[in-house]
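Have a look at the structure below, then the notes.
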Amino acid sequence: MTEHAVVIAGGGPTGLMLAAELALAGVDVVIVERRASQDLAGSRAGGLHSRTIEIFDQRGIADRFLSKGQVAQVAGFGHIRLDISDFPTRHNYGLGLWQNHIERILADWVLELRVPIQYGVEVTGFAQDDAGVDVKLSDGRLLRAEYLAGCDGGRSLIRKAAGIEFPGWDATTSSLIAEVEMAEKPELGMRRDAIGIHGIGRVEYEIRDGQVVYKDTGTVRVMVTEPNVGPATQPTLRDLSEALIRIYGTDYGVHSPTWISRFSDTTRQAAAYRDRRVLLAGDAAHVHSPVGGQGLNIGVQDAVNLGWKLAQVVKGISPDGLLDTYHAERHPVAARLLRNTMAQVALLRTDDRTSALHEVMTELLGMHEPRKRFAAMMSGLDIRYDLGEGHPLLGRRMPDLDLVTDDGTRRVFTLLHDARPLLLNFGEPRGLDVTRWRNRVQLIEAECVGAWELPVIGTVTAPTAVLVRPDGYVAWVGDPPQPGLIDALTSWFGPPATP
Ligand SMILES: Cc1cc2nc3c(=O)[nH]c(=O)nc-3n(C[C@H](O)[C@H](O)[C@H](O)COP(=O)(O)OP(=O)(O)OC[C@H]3O[C@@H](n4cnc5c(N)ncnc54)[C@H](O)[C@@H]3O)c2cc1C
């Protein structure tokens with residue numbers, strides 16, 4: 001039986017990001033992926049929000065995505081565009097880039113980090129005991145792991161086999177989505193009618209002056225809302241043709257589909273993100289309508305929250321109770337996201353009263369403060385983990401400030417590339433003593449250039465010292481003589497080493 005510290009079921013965006021985080025921490029991890037390769041049928045998610053770009057920047061890979069996609073103001077609520085260009089982040093925009101490209105870039109990075117990805121194999125079951133998990137594979141092999149991460153999507157076998165409840169709401173609406181060829185030139189753009197909102201575009205596009213401009217030729221991407229929630233079966237070309245005729249009066253000679261699928265607004269969340277040695281992340285832990293384009297983003301961010309914690313537990317640095325903070329922090333984030341997608345689905349109904357409500361919301365979100373709050377929510381920049389009362393930075397993302405250090409000017413995010421915790425001391429040089437965490441925590445004596453400004457909150461008091469977790473969230477803010485620092489170091493990065 002082959003042994004690994006961690007087996008990840010599913011090599012979608014969440015599984016790939018988790019694997020990379022574990023590999024950066026030196027953990028032996030393997031991905032088991034059902035698909036024969038990283039190729040994805042259909043382009044699926046359309047891009048990245050600001051916080052996800054920041055997360056990639058924290059690992060030094062943001063440029064790989066930015067160079068392949070289209071930077072634009074993509075945040076929105078119920079199709080009401082929310083501009084974040086005045087936000088205090090280096091990435092005050094989103095990125096249009098299809099999921100198949102995002103996955104390919106992530107997979108290349110994961111392979112650089114020497115994580116094996118076993119394609120064409122499925123996890124078919126598992127049994128856990130006090131010391132580990134036996135993971136059954138479709139080719140008859142058994143893997144032994146200390147932990148199993150279910151990143152296996154919305155129909156997660158891992159979640160079901162662990163007996164984790166998945167409460168929520170059934171679908172109220174569904175849409176066919178497809179990538180096809182058309183013999184005739186279709187009407188490109190969005191269309192609203194009594195059934196709902198539909199759209200025809202091309203996979204290849206440019207964003208000019210904030211507007212999507214489709215290429216004249218190439219694969220057509222169709223999204224047609226159905227009059228009633230469709231069945232769970234795989235839709236056919238005939239279903240798509242009939243749906244197009246119902247809405248547009250013609251199917252434009254649709255043919256040669258490379259992808260036909262159906263999505264709905266089914267909204268569910270795993271009651272627990274952990275069952276002893278089994279953890280869930282990404283769509284395996286939460287499903288919702290794609291409106292707002294948040295699913296891939298929250299999955300990547302789940303992975304970054306879980307990765308360093310799981311690595312520390314596997315390496316014996318922290319007790320396994322640290323893993324409970326994963327559920328405690330990420331479950332509320334997804335619960336809030338589920339709520340915002342349900343609200344957006346309701347807001348996008350096309351009856352007259354909802355259309356009136358949409359106009360009112362558009363007016364409201366045109367105002368400075370509501371726009372800021374909703375934009376920060378939709379772009380993932382307002383997340384705050386409940387780490388208690390204190391400085392506004394506590395539990396929030398560390399801003400990517402320029403620091404003057406002994407090694408010259410460095411950006412905070414550059415110091416996070418290795419996914420190691422960071423203690424930044426802006427006070428009395430050598431005023432902090434972390435000798436007993438020396439091998440785990442980087443202590444940087446620095447001066448800060450620029451204002452401490454947070455999205456929505458605005459300028460905050462410059463702290464004397466900050467402890468930043470590998471995921472970029474602030475675990476402690478303080479002044480020497482270090483009140484709470486020892487506790488924070490111990491609870492997040494394990495007990496002190498013996499001198
Ligand atoms: C039409 C549409 C538009 C979307 N638009 C956006 C958007 O604009 N922005 C956004 O952020 N999100 C969007 N999403 C959501 C996004 O696609 C998902 O949230 C994202 O793919 C979730 O990533 P994941 O890795 O958690 O799961 P998945 O991408 O589902 O990956 C799970 C992986 O696990 C594999 N797998 C499954 N079972 C097993 C098994 N038993 N053993 C081994 N492997 C297994 C699968 O093959 C798959 O590769 C959209 C989704 C749809 C359908």
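First listed ligand is number 1; within each ligand, the first listed atom is number 1.
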Check: Does any N or O atom in L296 lie less than 3.5 angstrom from one in ligand 1, N or O only?
Finding: yes
Margin query: At less than 4.0 angstrom from any non-hydrogen atom of G153, what atoms of ligand 1 do you find?
Written below: 27 (O), 30 (O), 32 (C)
Check: Short list, please: which atoms of ligand 1 are under 4.0 Å from a heavy atom of G282?
Finding: 26 (O)
Check: Nearest protein heavy-atom contact for atom 21 (O) of ligand 1: which residue, which atom, what distance?
Finding: Q99 NE2, 2.8 Å
Next item on the list: Over 60° means perpendicular and under 30° means parallel, so classify the ring planes of W308 and W492, tilted if in between.
Entry: tilted
Notebook entry, point to check: To the nearest 0.1 Å, how far is atom 31 (O) of ligand 1 from its closest protein heavy atom, and which atom is that?
Noted result: G12 CA, 3.6 Å
Next item on the list: For atom NZ of K215, decide whether the heavy atoms of other residues, nucleotides or ligands shown that lie under 6.0 angstrom number more than 12.
Entry: yes
Checklist line | Per-atom contacts, ligand 1 versus R35 - under 4.0 Å to a heavy atom | finding: 47 (O), 49 (O)
Checklist line | Numbered atoms and elements of ligand 1 in range of G46, under 4.0 angstrom, heavy atoms | finding: 5 (N), 6 (C), 7 (C), 8 (O)
Note to self: For the residue pair N297 / H49, report whether a side-chain donor-acceptor contact shorter than 3.5 Å exists.
What the structure shows: no
Next item on the list: Could you tell me whether R396 sits above the aromatic face of Y385, with NZ or CZ closer than 6.0 angstrom to the six-membered ring centre and within 45 degrees of the axis?
Entry: no
Note to self: Check this for me: does any side-chain nitrogen of one of D471 and R469 sit under 4.0 Å from a carboxylate oxygen of the other?
What the structure shows: yes
Notebook entry, point to check: Which atoms of ligand 1 sit under 4.0 Å from any heavy atom of F263?
Noted result: 1 (C)
Item checked: Residue pairs fulfilling side chain to side chain donor-acceptor pair (under 3.5 Å) with at least one residue in residues 277-290, sequence neighbours excluded -> H286-D302
Margin query: Measuring from atom OG1 of T14 to atom CG of L306, what distance do you get when rounded to the nearest 0.5 angstrom?
Written below: 10.5 Å
Check: What pair of heavy atoms forms the shortest contact from A270 to L280, and how long is it?
Finding: CB-CD1, 3.8 Å
Notebook entry, point to check: At what distance is the nearest protein heavy atom to atom 48 (C) of ligand 1, and which residue and atom is it?
Noted result: E33 OE1, 3.5 Å
Checklist line | Numbered atoms and elements of ligand 1 in range of Q294, under 4.0 angstrom, heavy atoms | finding: 9 (N), 10 (C), 11 (O)
Check: Among protein heavy atoms, which lies nearest atom 1 (C) of ligand 1, and at what distance?
Finding: I177 CD1, 3.5 Å
Next item on the list: Report the relative orientation of the aromatic rings in Y205 and Y214; use parallel for angles under 30°, tilted for 30 to 60°, perpendicular for over 60°.
Entry: perpendicular
Note to self: Tell me whether G295 has any N or O atom under 3.5 angstrom from an N or O of ligand 1.
What the structure shows: yes
Check: atom 43 (C) of ligand 1: which protein heavy atom is closest, and how many Å away?
Finding: V32 O, 3.3 Å
Note to self: With heavy-atom distances below 4.5 Å as the criterion, would you say the side chains of R59 and F413 are in contact?
What the structure shows: no
Item checked: Per-atom contacts, ligand 1 versus N297 - under 4.0 Å to a heavy atom -> 10 (C), 11 (O)
Next item on the list: Distance to 0.1 Å, residue and atom name: give those for the protein heavy atom nearest to atom 34 (O) of ligand 1.
Entry: G10 CA, 3.2 Å
Check: For atom 40 (C) of ligand 1, what's the nearest protein heavy atom and its distance?
Finding: V123 N, 3.8 Å
Note to self: Polar contacts were defined as any N/O atom of the residue lying under 3.5 Å from an N/O atom of the ligand; does this apply to D283 and ligand 1?
What the structure shows: yes
Next item on the list: For atom 45 (C) of ligand 1, state which one of Q118, R34, M17 supplies the nearest heavy atom.
Entry: R34
Next item on the list: Ignoring hydrogens, just give me the one of G94, P290, G150 whose non-hydrogen atom is nearest atom 50 (C) of ligand 1.
Entry: P290
Check: What residue and atom, counting heavy atoms only, is the protein's closest point to atom 14 (N) of ligand 1, and at what distance?
Finding: A45 CB, 3.8 Å
Checklist line | Point-to-point distance, once rounded to the nearest 0.5 Å, from CE of M17 to CZ of F56 | finding: 5.5 Å
Margin query: So, applying side chain to side chain contact (heavy atoms under 4.5 Å, CB included) with T219, which one of E204, R202, E181, M182 is it?
Written below: E181
Check: If we only count N/O pairs under 3.5 Å, is E103 in contact with ligand 1?
Finding: no
Next item on the list: Number the atoms of ligand 1 from 1 as they appear, then name those within less than 4.0 Å of a heavy atom of C151, with their elements.
Entry: 32 (C), 33 (C), 34 (O)
Next item on the list: Identify the two heavy atoms, one from G472 and one from L416, that lie closest to each other, and give their separation to 0.1 Å.
Entry: CA-CD1, 4.0 Å
